[in-house]
Number of protein chains: 2
Amino acid sequence: MTFVGSSRLLPTAPRNARGQALDIIRQKIITLELAPGSQLSENELAGQLGLSRTPVRESLILLAEEQLVSVVPQVGTLVSPIVEAEIATSQFVRESLELAALSEAVYMVDAAQLAGLNALIAEQRVADERDDTELFFALDEQFHFALMNISQHGSAWRTVSQAKAHLDRARRLSLSLTQQMSTLIDQHQSIVDAVARGDSGAATDALRRHLRKVFDDIALIRAARPELFAPATPTRRR
Amino acid sequence: MTFVGSSRLLPTAPRNARGQALDIIRQKIITLELAPGSQLSENELAGQLGLSRTPVRESLILLAEEQLVSVVPQVGTLVSPIVEAEIATSQFVRESLELAALSEAVYMVDAAQLAGLNALIAEQRVADERDDTELFFALDEQFHFALMNISQHGSAWRTVSQAKAHLDRARRLSLSLTQQMSTLIDQHQSIVDAVARGDSGAATDALRRHLRKVFDDIALIRAARPELFAPATPTRRR
DNA sequence: ATACAAGTACTGCCATACAAGTACGCAAGT
DNA sequence: ACTTGCGTACTTGTATGGCAGTACTTGTAT
């Protein structure tokens, strides 16, 4: 597993044990390697990661704040099930913030930033050709961050990224992500083109269409396989 | 100090030591009882609160994630200075989310919700007459939460509340909060009136004006006393 | 008086031990 | 067969000790 494009903003690797544990566990939850509803154990995770309970426990507390796990005292820690309401909230947060940032960004973008965005799109085309969804997810994260960074509100990315994590996790339920990559990349291009033209309305429209597509794809998954959402009974470990 | 209207949504008191420590420390930071830039110590806080270092440390980790403190390994934990960029980001997040939620809320509000909002405004008038700023802060928090809760996005309040915490802390630098309460309450009334009329544009305009006033007040403080923002040297404890 | 270096007293980080509480299985009694 | 009660094996919560690294202090030499 590569941690390129992890949610942690600074690419500098987390030098302490807690940072390592947080990144690894978080990534495993988002990629569904740790199934929604499954039970975790501080002790077991500590053993697997070769750490003591302390940094693992601190990571789980942070993940609970992010709503990715829920800790029940004296009972256990559960990977949060994928709940429609949570997805809708994440979509609302992400959409509101990205759109508001982009509407300002149109008036302050420079040539270097546009070139950077186009370069990311080119890399995404490569990822598409290789059917490398992991690479695409990482580049997608970079693209949306770069877009938001044009305005002065790049430091709000932390908030957006947390919302995006819930949406990405739900997206991974889809079996055929590879078929949608080219559409998503085209939408990326439409956004950048509108920004380059200085057309604020077209840019926000294009971004809204893009984000709504992601959300609608999740709705399609839910329609096809409702059992994947909000599993009623938590999965016990043994 | 009363914890009515603390940031924790559920009024159910935190039953474990970490929850207590988190609420107390957080409140002391927001109310400036713990000065921006001042140094904290896990040991010292644990002693003051009558707890061990563990729950205190876990609280500080959560506060660091919220950007209210910054932890420097082997050096110390500092209460975050009030930095203009951080304020601007918080304003951006709060404004974007509250406005987006309100624009939807106008079409789904019912009579009971309007009555609840007006009741909160009435309470705020009382707080104004008594010059009780602490009560007003609590009621203000309740009002904005109730407003956001009309739409289906009440669960995004957690995010808004974290941004609002930074703005509230900066607001407390102002010496004359009592003189502004009546204006703020009038603006609350304008928002509710517009929502009651079903006038989406007027409602969002009124809310934007309201939130911008809060932001502009902070800018005035900064203009008058720039030394309160981003203190260059951290305050050592002895 | 100044520069420098060793000492010392802190810091947060991590590991570990113990405490409190819950869930489940199994056995005894009805 | 079913219910009930207890024991056991887990769970997270909290306390504490030791470690490594930083900053300030103090003594010494220049």
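- Rounded to an integer number of Å, the gap from CG of A/Leu45 to P of D/dT11 is 10 Å.
- The side-chain hydrogen bond (donor to acceptor under 3.5 Å, both in side chains) check on A/Asn149 picks up nothing, with sequence neighbours excluded.
- The side chain to side chain contact (heavy atoms under 4.5 Å, CB included) test applied to A/Val83 returns A/Pro81, A/Ala85, A/Glu86, A/Ala230, not counting sequence neighbours.
- For the pair B/Thr77 and C/dG12, the criterion of a side-chain N or O lying under 4.0 Å from OP1 or OP2 is met.
- Ion pairing between B/Glu134 and B/Arg172 holds under the 4.0 Å rule for side-chain N and carboxylate O.
- Secondary-structure stems of DNA chain D, taken as three or more successive Watson-Crick or G-U wobble pairs (i with j, i+1 with j-1) under a 3.5 Å distance threshold, comprise C:1-30 with D:1-30.
- Straight-line distance from the CD atom of B/Glu44 to the P atom of C/dC10: 11 Å, rounded to whole Å.
- Take B/Ala127 and apply the side chain to side chain contact (heavy atoms under 4.5 Å, CB included) test, not counting sequence neighbours, and it matches B/Leu135, B/Phe136, B/Leu139, B/Met181.
- When only modelled atom types and interatomic distance are considered, A/His144 and A/Glu98 share a side-chain donor-acceptor pair under 3.5 Å.
- Between the side chain of A/Ser96 and the backbone N or O of A/Phe92 there is at least one donor-acceptor pair closer than 3.5 Å.
- Applying the salt bridge (charged side-chain N to carboxylate O under 4.0 Å, His left out) test to B/Arg130 and every residue at least two apart in sequence or in another chain returns nothing.
- No cation-pi contact links B/Arg171 to B/Phe215, judged by a cut-off of 6.0 Å to the six-membered ring centre and 45° from its axis.
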Restricting to nitrogen or oxygen on both sides, can you table the protein-nucleotides 13-17 of chain C pairs closer than 3.5 Å?
{"from": "C/dC13", "atom 1": "OP2", "to": "B/Arg57", "atom 2": "NH1", "distance (Å)": "2.3"}
{"from": "C/dC13", "atom 1": "OP2", "to": "B/Arg57", "atom 2": "NH2", "distance (Å)": "3.3"}
{"from": "C/dC13", "atom 1": "N4", "to": "B/Arg53", "atom 2": "NH2", "distance (Å)": "3.1"}
{"from": "C/dC14", "atom 1": "OP1", "to": "A/Ala17", "atom 2": "N", "distance (Å)": "2.4"}
{"from": "C/dA15", "atom 1": "OP2", "to": "A/Ser52", "atom 2": "N", "distance (Å)": "2.8"}
{"from": "C/dA15", "atom 1": "OP2", "to": "A/Ser52", "atom 2": "OG", "distance (Å)": "2.6"}
{"from": "C/dA15", "atom 1": "O5'", "to": "A/Ser52", "atom 2": "OG", "distance (Å)": "3.3"}
{"from": "C/dA15", "atom 1": "N7", "to": "A/Thr54", "atom 2": "OG1", "distance (Å)": "2.7"}
{"from": "C/dT16", "atom 1": "O4", "to": "A/Thr54", "atom 2": "OG1", "distance (Å)": "3.4"}

